[in-house]
4 protein chains.
Amino acid sequence: MELTTDSMEENLPRREREKAAHRKEIMEAAIRVFARRGVHAATLDEVALEAEFSKGTIYLYFSSKEDLLFNILNNLSQNMITTFREAISGKRSFKEELHDLFVTIAEFSFNYKDHMKIVTGQHVAGFNALSKEGCEKLLKMHNEMVKIILDRAREAFRKGELRDLPLEAITSMIHGSLDGMAISRWNFETLEEAKQAVNVFIDILFNGIGKGKEKKS
Amino acid sequence: MELTTDSMEENLPRREREKAAHRKEIMEAAIRVFARRGVHAATLDEVALEAEFSKGTIYLYFSSKEDLLFNILNNLSQNMITTFREAISGKRSFKEELHDLFVTIAEFSFNYKDHMKIVTGQHVAGFNALSKEGCEKLLKMHNEMVKIILDRAREAFRKGELRDLPLEAITSMIHGSLDGMAISRWNFETLEEAKQAVNVFIDILFNGIGKGKEKKS
Amino acid sequence: MELTTDSMEENLPRREREKAAHRKEIMEAAIRVFARRGVHAATLDEVALEAEFSKGTIYLYFSSKEDLLFNILNNLSQNMITTFREAISGKRSFKEELHDLFVTIAEFSFNYKDHMKIVTGQHVAGFNALSKEGCEKLLKMHNEMVKIILDRAREAFRKGELRDLPLEAITSMIHGSLDGMAISRWNFETLEEAKQAVNVFIDILFNGIGKGKEKKS
Amino acid sequence: MELTTDSMEENLPRREREKAAHRKEIMEAAIRVFARRGVHAATLDEVALEAEFSKGTIYLYFSSKEDLLFNILNNLSQNMITTFREAISGKRSFKEELHDLFVTIAEFSFNYKDHMKIVTGQHVAGFNALSKEGCEKLLKMHNEMVKIILDRAREAFRKGELRDLPLEAITSMIHGSLDGMAISRWNFETLEEAKQAVNVFIDILFNGIGKGKEKKS
DNA sequence: CATGAATGAGGCTTCATTCAT
DNA sequence: GATGAATGAAGCCTCATTCAT
C-alpha cells in the first residue's frame, strides 16, 4: 500500500513526474517525523532533514506546515474510507465483514503505522491546535467513517444477525475496539499475530467473554 | 473528587497550607489550559492567567513546564490506580466488578474531563515530546493499570467465570473499551446516560452482539 | 521637543514610569533605524541593537513591526497637527502666519530629522507595504494637515490678502514648498540658515521671482 | 514616450533585437511592479510573472535585483535629463522655458506615472537600502538635474529677468515645486488639467500669491 | 513569596540567487 | 537562451526561563 498520488502512474512529462515524486517524498518524510515527534513538536527543519530537501523546498509544495498536515490527513482519510467501504459492503454476513474490516484495519495499522500515530495523536487535544476549518474537515472524515459502520450494523440488525441492542452501543463498541486496535495494538510484532488477535476480537465481540449461559434477548 | 495533595487535610502551619493551596490552584489551572489548548500549544502565560498568578510564581512551585505536566499526570494516575484497585478487589464476580469499574471510569471521565483529555492527548505521539524519563514514568503508570485488570482477569478465569480465551485478548478488549469510553465517550450529556451505556457495554462484553446460537467453548 | 508620551510627567509608580520610558526608548531607537535604513529594510534586530534591548523585549511593548511604525507615525502626526494649528490660527495676516508656519516646519525638520525621513519615505510607494487600515490612517493625517492650510487660505482670500487665484493652486503651492523643505531642505547646516531661507521662501511665495512689472489681477 | 534602449532602432541581427526587446519587457514589467508594491516589497517572482518570463531568465539580463533597479533609474534619469535640457536651452525667456519645463514634467508624470513613483519612493530613506555606489550614482543624477536649472537661472538673473534673490533659493523653490508636482500632483485626472495648473504655478512662481503692492527689489 | 520585565534560542516563512535540464 | 526547482540566509515572531525588585 502506498500514498495515493493521483498522477502516479499516468504518462506525464518527466518534470511533472518528478514534482509529484518529490511532493510524495516530502509527505512521507513528514509523516515519519510527525509520528515520531508529534505534530506540534515536529519542526520543518526535521522534516526537511528527513526528506533530504532544504526547508525552503517544502514551501514549493505546501503553503504551510498546516497545509502539509492537512494534505497528509486528507490523503490518509480518503484511503481509509475507501478501504472501509470495500471491506463492509453488505454482501456477506455482518460478522464476516466485520472480521474482514478488522483485518483490513490491522493491515492498515501495519502498513501505515506512522499515519495512525498522527491521526490518533490528533484525536483530542490536538484538534485545538488546528484552525477552525481544519478541525471541521477532520471531524467530517471521522463521522463519515462512523456512518459506514452504523449503516451496515442497521442492516445487519434488520436481517436478524444481531441481538436486540441499541445500534449506537454496538457501533460504539466496534469503533472503540477499532480505536483500541489502532491506538494501542499496533505493536503486535507481526501481522500474523495481529490477524489471530482479530479472530479472538470478533469472537469476543459476537459471543462475549462470559461463560455465557445467561443469554437474555 | 478533588486533586489529592498529600498535605491537604493535615494540620500544618498557615504558610504551609497556603503554599499547598497555591500549588493546587496552579495545577488545576494548568489542567484546564492543557486540556483546552493541548499540552504543547499551551503557554505558561495562559496558565498563569488562568491561575491568576504571575508567570514567575509558577516557577516557585514547579521547576519547568514539563515538571508541571508530570506532577499533574502523576497525581492523576495515582488517583486512577487507587480508584481502579478499589473497584476491582476480587471480592465479587468479575462481571460485577467490571461493571463497577466501568461506572467508576465513567464517573472519572465526568469529574476529570480535562484530565482525561490531557492523558489521551499524550497517549501516543505526544510522549516523544517529553524527556526520556518522562516517557518511562508515564509508561510505568500505564502498565500498572493494565496489570491490575490482567491479574483480576486471570483470577476470574481460574474461577471459571470466563470463556477459554487468551487472557491478553480479554484484557486488551476491556482496555480498548475503556480507552474508547475515555476517548470518545465522555461526551454523554449526563452521567446517567453514561451509566446506562455501561450496562450495555458490559452486556456486550460478556454476551457479545451476536444472536448467540453459536457459543463454542 | 520630545516624543510625547501621555504619561510622562505624571506621578506614576516607578514600574509604570520605567515601562513608559522603555517604550519611548524603543520608539526613538526605531525612528533612528527606520530613518537610516528605510522602514522596510530595517530589521527588528537592528532596532533591538539600537535600543539596547533584546528583540523579544520589543514585543512586550508593540505587537508587531507594523504596530511599532504606526505608533511612531501617530505620535508624530498628532505632534505636527498640533504644531500646525498653533502656528496658523488666523489671528494675524496670512503672510505672517505662513512665515511662522514655515519656521515651525523648519524647526520641526531640525528637531525631528529622522521622523521626517520616515514620513517622507512613506509618502508614496511605501504606502503599499502597509495594511489597508495603515494606509487609511496615514492618508487621514495627511488630509487633515492639508485642510488646515486650505481653511486658513480661504479666510485670507476673503480678507483680500491674496490675489485672485484658485485656492487649490495656492494650497498646493504652499504644500509643495513645505514638502520640498521637509524632503530636500533639511540639510541646511544650521537652523539659522534655514530660518533665513524661510524669509526668502515667503518673499518668493508672496511676491514671486519675476522682476514683477507684469502684475495681473 | 518609450523606454530608450540604445540598440533599439539599429539594424541588428534578429537574435540581438530579440534580446534587446526581452530586456526592455523585463524592465517595463519591473517598473510596474516596483511602482505598485514598492521596490523593497516587490519580489522577483512578481516581476517574472508580470514580464511573463521565468525568474531565472531575469538573471540572464540583469545580474541582480539591484542591477535591475539601477538600469531602470539610469534609463529614466538620462531620459529626464535629456528632456530637461531640451526644455531649458536659454533661447527664450526664463519664464517661457520654465513654463515649458513644467509642462514637460507634467507630461512626463503622465507618461511615466510608475517611473515617478519609484523615483520618489527612492528619494530619501530608500537610498540607504542600496549599496554605496548605488546611492552615489543616484545622487549624481539628482545633482545634474539641479545644475541644469541653476545654470539657467543664473543666466536669467544676469539678463535681468529675475528679482535680486539668492540663486539657490530660486532654484530650490523651483525644484520644490517640481518635486511637489511629481510627488503629489500626478493625480490630476487629465493632462489638460495638469497643464492649466502649470500656468497658475508659473504665475505664482513669478508673481507671487500676495496682493502685491509691496514689491521690494 | 510574588511579580513581571527581560532574555534569547528556536520556529515558521520569504525570497534573491543558483544551476541542472 | 529559457526554465523553474532547489537552496539557504535572513526576517518576524513566540515562549520557556531567569532575575532584580
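Below, all heavy atoms of this structure are taken into account, side chains as well, without hydrogens, waters or symmetry copies. Chain naming here is simple, since letters A, B, ... match the order of the sequence lines and numbering starts at 1 in each.
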Next item on the list: Pull out every residue in residues 44-63 of chain C that has a heavy atom closer than 4.0 Å to any atom of DNA chain F, ordered by number, or say none.
Entry: C/L44, C/K55, C/Y59

Next item on the list: Find the distance A/I26:CD1 to E/dT13:P and express it as a whole number of Å.
Entry: 14 Å

Item checked: Nearest-Å distance for atom pair CG/P, residues A/L68 and E/dT13 -> 10 Å

Next item on the list: Using a 4.5 Å cut-off on heavy atoms from C-beta on, say whether the side chain of C/F62 contacts that of C/L69.
Entry: no

Margin query: I'd like to know if the side chain of C/K65 and the backbone of C/V39 have a donor-acceptor N/O pair within less than 3.5 Å.
Written below: yes

Next item on the list: Examine the side chains of D/N75 and D/N71 and answer whether a donor and an acceptor come within less than 3.5 Å of each other.
Entry: no

Next item on the list: Classify the ring geometry between A/Y61 and A/H22 as parallel (under 30°), tilted (30 to 60°) or perpendicular (over 60°).
Entry: perpendicular

Next item on the list: Report the C-alpha separation of C/V47 and C/F34 in whole Å, then their side-chain angles, then the decisive distance to 0.1 Å, and conclude whether the side chain to side chain contact (heavy atoms under 4.5 Å, CB included) test is met.
Entry: CA-CA 8 Å; C/V47 174; C/F34 285 174; 4.3 Å; yes

Note to self: Could you measure the distance from the CD atom of D/E66 to the CG atom of D/L73? Nearest 0.5 Å is fine.
What the structure shows: 10.0 Å

Note to self: According to side chain to side chain donor-acceptor pair (under 3.5 Å), who are the partners of D/D114, at least two apart in sequence or on a separate chain?
What the structure shows: none

Notebook entry, point to check: Is DNA chain E part of any stem, that is, at least 3 consecutive Watson-Crick or G-U pairs with both distances under 3.5 Å, and where?
Noted result: E:2-21 with F:2-21

Next item on the list: Could you tell me from which nucleotide to which nucleotide of DNA chain F, 5' to 3', there is an atom under 4.0 Å from chain A heavy atoms?
Entry: F/dG4 to F/dG8

Note to self: The criterion is salt bridge (charged side-chain N to carboxylate O under 4.0 Å, His left out); which residues satisfy it with A/E25, sequence neighbours excluded?
What the structure shows: none

Item checked: Pairs involving residues 41-64 of chain A, ordered by first then second residue, that meet salt bridge (charged side-chain N to carboxylate O under 4.0 Å, His left out) (sequence neighbours left out) -> A/R32-A/E50, A/R36-A/E50, A/R37-A/E46, A/D45-A/K55

Checklist line | Nearest-nucleotide 5' precedence on DNA chain F, A/E18 against B/T43 | finding: A/E18

Item checked: Nearest heavy atoms of B/I58 and B/L44, plus distance in Å -> CD1-O, 3.9 Å

